[in-house]
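In listed order, ligands and their atoms are each counted from 1. Residues take their numbers from the sequence shown, with the count starting at 1. Predicted, not measured: the structure shown is a model, and the values here were computed from it.
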Amino acid sequence: MKSLTASEIHTIDTQHIWHPYASLTHPVPAYNVVSADGVRLQLADGRSLIDGMSSWWCAIHGYNHPVLNDALTTQLEQMAHVMFGGLTHAPAAQLAKRLVSLTPEPLDKVFFSDSGSVSVEVAIKMALQYWQSQGRPEKSRLLALKNGYHGDTFAAMSVCDPETGMHHMFKGMLAQQVFSEAPRCKFGVQFNPASIDDFEAKICQHANELAAVIVEPVVQGAGGMRFYSPQYLAAVRELCDRHNVLLIADEIATGFGRTGKLFACEWADISPDIMCLGKALTGGYLTLAATLCNEKISNGICQGEAGVFMHGPTFMANPLACAVANASIDLLLDSPWQKRVERIEAQLKVGLAPCADMKNVRDVRVLGAIGVVEMNAAVDIPRIQKLFVDAGVWLRPFGKLVYVMPPYVIDSADLNQLTSAMVNILSQQSG
Ligand SMILES: *Cc1c(COP(=O)(O)O)cnc(C)c1O
């Protein structure tokens, strides 16, 4: 096959290819990237950018990592894929054992799937099948938090923030879930017990029809990049127990160290009944997700009417993805990841501090390897994107949020270039 010129790629891209949340009648040109190495993305036009996004929380070790490359090619020589119905393999067994030992007890059953959204679908289905098995089919709704984000498939969408998730557009097709106010108690601030009142009222009122509560522990990601008090999460766990409602923790963004703990549930020292993992699971190499549950759930499901759990993706437990996930977890645990995340956190706090004094900025917040500047008004993404690229950095704001979450291996000079670009460019934005 003949290779394409940059201009041919541009033409095909704008005429035929959907990008995330994008228009094909008013396409915004995408930057053409030819390779990536360490924390740098190499553009086709010769420029190289420092990556501040970890490709949406995933690339925690940076790109083109020799250990991860090696894990993939070694597995490739054994097999790229086999069906998981009736067959099993070492990469999946190893990964399941790892996940069971690393996640909070007593999570010990693992369902592998191919993306975060699907792992959320699976989690919701587990909760529904569990209550059916208990003779409580009326417990079929979910309680979620405003400002939440859990993915783009239909059940996942039904528990996303109703406004930013544009629920009105899918009226009639989306399950009608119950929503509580987003947590108002910020991370690191004295917990005000009144901040759980709305959640408590909702769970009390709807307990008889609720299958589960679903939350992103401590960090609400794509629905607002908000950090809330671990005591709120602990109170959620307690209220779920008191009202006989299951708890689903969506750790797809927070898992594998991003917040400074391996899993954000550890901040509150709680264990959910069901946990979703994805994103950094493979170090950003391949698409893979996992839904873990405890034995209460798995026993319930298997003693129910169906006797089995009704799900089975074609690419379930893909061996290449499992092999690279195993290598990524080893790499993480053998590295001083906690120190690295702490160092990034400290540097982000200092580096982004000047933004707090800008008139167009509402809030600056940092937790672990996540730095967020919330503006007063939505930024003009294509325009600001170009300014960042011209400054040699890759940042992808959305709405009012300009944020950075670099690979953990970033050094302080590169991180300084990222935060300096944010300070310089944001100081020139109006609004
Ligand atoms: C990204 C994300 C998802 C969806 O994962 P996909 O792999 O994009 O389907 C779900 N929940 C959270 C918290 C996420 O950050």
Side-chain angles (χ1 to χ4, degrees), residues 18-22 53-60 103 111-127 142 144-162 164-165 174 177 179 182-183 212-228 233 236 247-259 261-265 267 272 274-292 311 313-318 321 324-325 328 367-370 372 396-399 401 403-405:
W18 290 109
H19 281 265
Y21 306 97
M53 299 303 294
S54 300
S55 286
W56 280 339
W57 314 86
C58 297
I60 53 177
T103 52
F111 189 101
F112 290 113
S113 60
D114 26 29
S115 78
S117 299
V118 175
S119 79
V120 170
E121 300 285 325
V122 165
I124 293 174
K125 203 188 260 189
M126 280 180 176
L142 279 287
L145 305 180
K146 288 190 180 165
N147 280 113
Y149 177 77
H150 298 286
D152 290 347
T153 52
F154 272 76
M157 225 182 353
S158 78
V159 286
C160 289
D161 184 272
T164 55
L174 281 190
Q177 315 292 19
F179 287 90
V213 164
I214 183 165
V215 296
E216 296 156 277
V218 180
V219 172
Q220 294 190 292
M225 301 298 286
R226 302 167 91 255
F227 310 146
Y228 66 88
L233 180 60
V236 165
L247 177 59
I248 301 171
D250 178 351
E251 292 251 13
I252 293 166
T254 48
F256 304 101
R258 181 59 66 179
T259 69
K261 302 279 188 193
L262 201 53
F263 301 100
C265 282
W267 285 108
I274 302 173
M275 181 187 268
C276 299
L277 298 174
K279 291 207 161 111
L281 175 57
T282 63
Y285 266 57
L286 284 170
T287 176
L288 181 70
T291 310
L292 284 86
H311 212 94
T314 305
F315 281 92
M316 188 167 184
N318 172 259
V324 76
S328 173
L367 176 63
I370 315 166
V372 182
R396 176 86 183 156
F398 68 86
L401 300 165
Y403 63 105
V404 57
M405 41 195 199

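- Side-chain contact check for Leu145 versus Val236: every heavy-atom pair is 4.5 Å or farther apart.
- Remark: Glu216 engages no residue in a side-chain hydrogen bond (donor to acceptor under 3.5 Å, both in side chains) (not counting sequence neighbours).
- Within the structure, side chain to side chain donor-acceptor pair (under 3.5 Å) contacts touching residues 152-161 (residues at least two apart or in different chains) are Tyr21-Asp152, Glu121-Thr153, Tyr149-Asp152, Ser158-Gln177, Asp161-Thr164.
- The immediate protein surroundings of ligand 1, defined as residues with any heavy atom under 4.0 Å of it, consist of Ser115, Gly116, Ser117, Tyr149, His150, Gly151, Glu216, Asp250, Ile252, Ala253, Lys279.
- Scanning both residues, Leu288 and Ala325, for their nearest heavy atoms gives CD2-CB, 4.1 Å.
- Listed by chain and residue number, Glu181 satisfy the salt bridge (Lys or Arg N to Asp or Glu O under 4.0 Å) test with Lys146 (two or more places apart in sequence, or in another chain).
- Trp267 has its side chain within reach of Thr259: a pair of non-hydrogen atoms, C-beta onward, lies under 4.5 Å apart.
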